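Note that this is a predicted model, so its numbers are computed, not measured.
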Amino acid sequence: DYIENQGCDTPGITFVTNAEAFWSLDNNTNDISGNSHNERTGDGVTPPFSTDAIQGTHSANFNGTDNRIRYSQNGTFMESSYTQISFSAWIKPNNITGNRGIYEEGGGTHGSILWINNGVLTYSTRTSSTQTDITHPTTLTIDNLWHHVAITYNSGIMTVYLDGVPATVTAAATSIPAHGSDGGIG
C-alpha cells in the first residue's frame with residue numbers, strides 16, 4: 001500500500017500551518033515541520049519509496065507486514081496525553097484484506113489508530129479497557145486511485161474522513177491518556 005502524507009489541492013480546505021509534524025515522504029522519512037520529529041531507527045523496516053505519488057516526487061510503499069516508520073519519542077511526542085489531534089494522508093491501497101495500519105499512536109491500553117479492516121476505513125481510540133470504533137460507511141476497493149483519509153479527535157468527538165466525506169461518533173472518553181507504546185505510520 002502506498003502512503004503519502006501530503007496536503008490537499010482541494011479549494012476551500014485550510015491546513016494548520018503550525019503542525020507539530022509533517023512528513024512529506026518525498027523520498028525520505030524526515031519531519032519537514034521544523035520540529036525534528038524524524039524517524040526513530042531500529043524499530044521496523046523503513047518502506048521503500050515509489051515515484052507513484054499524488055504530490056511531490058515520491059510516496060512510501062508499505063507492504064502490510066513489517067514496513068513501518070516509528071516517530072514516537074520517550075514520553076513526549078506521540079506518547080503524551082491529548083484532547084485534540086488530527087492526522088491526514090493520501091493512500092493508494094493495493095491490498096485491503098485483513099488489518100492494515102495507516103497511523104497508530106499508543107498501544108492496547110491507551111491511544112488511537114487509523115486502519116483498514118477488510119476494506120473498511122476504521123478509526124479507534126482506547127482508554128484503559130474501553131475502545132471506541134468508528135467505521136466509514138464507504139468501503140474501500142482496489143481501484144488504483146489515490147484516496148485522502150483523515151481523522152480528528154476533539155475532546156471525545158471522533159471523525160474519520162474518506163475523500164472529504166466525514167463520519168462522526170462520540171467516544172467514551174474526552175481525552176486520551178499518556179501511553180508509552182510506539183507511534184508512527186504503516
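A heavy-atom distance below 4.5 Å is found between the side chains of Pro47 and Ile69. Looking at Trp146 and Gln55, their side chains never come closer than 4.5 Å, going by heavy atoms from C-beta outward. Using a 4.5 Å heavy-atom threshold, the side chains of Ile116 and Ile91 count as touching. At least one side-chain heavy atom of Lys92 sits under 4.5 Å from a side-chain heavy atom of Asn144.
Here the CG-CH2 distance, from Asp133 to Trp115, works out to 6.5 Å after rounding to the nearest 0.5 Å. Taking CG of Leu25 as the reference point, atom OG1 of Thr57 lies at 11.0 Å (rounded to 0.5 Å). The CD1 atom of Ile32 sits 4.0 Å away from the OG atom of Ser24 when rounded to the nearest 0.5 Å. Note that CD of Glu105 is 8.5 Å distant from CD1 of Ile151, once rounded to the nearest 0.5 Å. Distance check, rounded to the nearest 0.5 Å: CD of Glu20 to OG of Ser86 gives 11.0 Å. With rounding to the nearest 0.5 angstrom, the OG1 atom of Thr132 is 6.0 Å from the CE atom of Met158.
Criterion: ILVMFWY side-chain heavy atoms under 4.5 Å apart, direct or through other members. Under it, Val169 and Leu114 are part of a common hydrophobic cluster. Under the 4.5 Å side-chain contact rule for hydrophobic residues, Ile113 and Met78 do not share a cluster. A continuous path of hydrophobic side-chain contacts links Val149 to Ile142 [ILVMFWY only; heavy atoms under 4.5 Å]. Note on Tyr103: it clusters hydrophobically with Val160, by side-chain heavy-atom contacts below 4.5 Å among ILVMFWY residues. By the rule that hydrophobic residues join a cluster once side-chain heavy atoms approach within less than 4.5 Å of another member, Val120 and Tyr123 end up as members of separate clusters.
With Thr135 as reference, Thr122 is the one residue of Thr122, Asn117, Leu121 to meet the side chain to side chain contact (heavy atoms under 4.5 Å, CB included) rule.
The backbone N or O of Val45 sits less than 3.5 Å from a side-chain atom of Asn67, completing a donor-acceptor pair. When atom types are taken as modelled, the side chain of Asp163 and the backbone of His148 share a donor-acceptor pair closer than 3.5 angstrom. Of the possible donor and acceptor atoms, one in the side chain of Trp23 sits under 3.5 Å from a partner among the backbone N and O of His37. When atom types are taken as modelled, the side chain of His179 and the backbone of Thr127 share no donor-acceptor pair closer than 3.5 angstrom.
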Q) Given the rule in the side-chain contact (heavy atoms from CB on, under 4.5 Å) test, do Phe87 and Ile102 qualify, once you have shown the distances and angles that lead to the verdict? A) CA-CA 10 Å; Phe87 172 83; Ile102 298 170; 4.1 Å; yes
Q. Are Tyr71 and Glu39 close enough, and set up right, to give a side-chain contact (heavy atoms from CB on, under 4.5 Å), and what steps lead you there?
A. CA-CA 5 Å; Tyr71 290 106; Glu39 178 181 14; 4.2 Å; yes
Q: Please test Asn95 against Phe62 for side-chain contact (heavy atoms from CB on, under 4.5 Å), starting from the C-alpha separation and ending with a verdict.
A: CA-CA 10 Å; Asn95 186 338; Phe62 293 87; over 6 Å; no
(Q) Please determine whether side-chain contact (heavy atoms from CB on, under 4.5 Å) holds for the pair His110 and Ser128, giving the CA-CA distance in whole Å, both sets of side-chain angles, and the decisive distance to 0.1 Å. (A) CA-CA 6 Å; His110 305 302; Ser128 298; 3.5 Å; yes
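In this model, a donor atom of one side chain and an acceptor atom of the other lie less than 3.5 Å apart for Asp31 and Ser33. In summary, the side chains of Thr83 and Ser175 do not present any donor paired with an acceptor at a separation below 3.5 Å, with no hydrogens or angles considered.
Smallest separation of non-hydrogen atoms from Ser81 and Ala178: CB-N, 3.5 Å. Shortest non-hydrogen contact noted between Pro166 and Thr159 is CB-CG2, 3.8 Å. Across every non-hydrogen atom of Gly111 and Tyr82, the tightest pair is C-OH, 4.3 Å. Across all their heavy atoms, Asp52 and Ser59 have their closest contact at O-OG, 2.6 Å.
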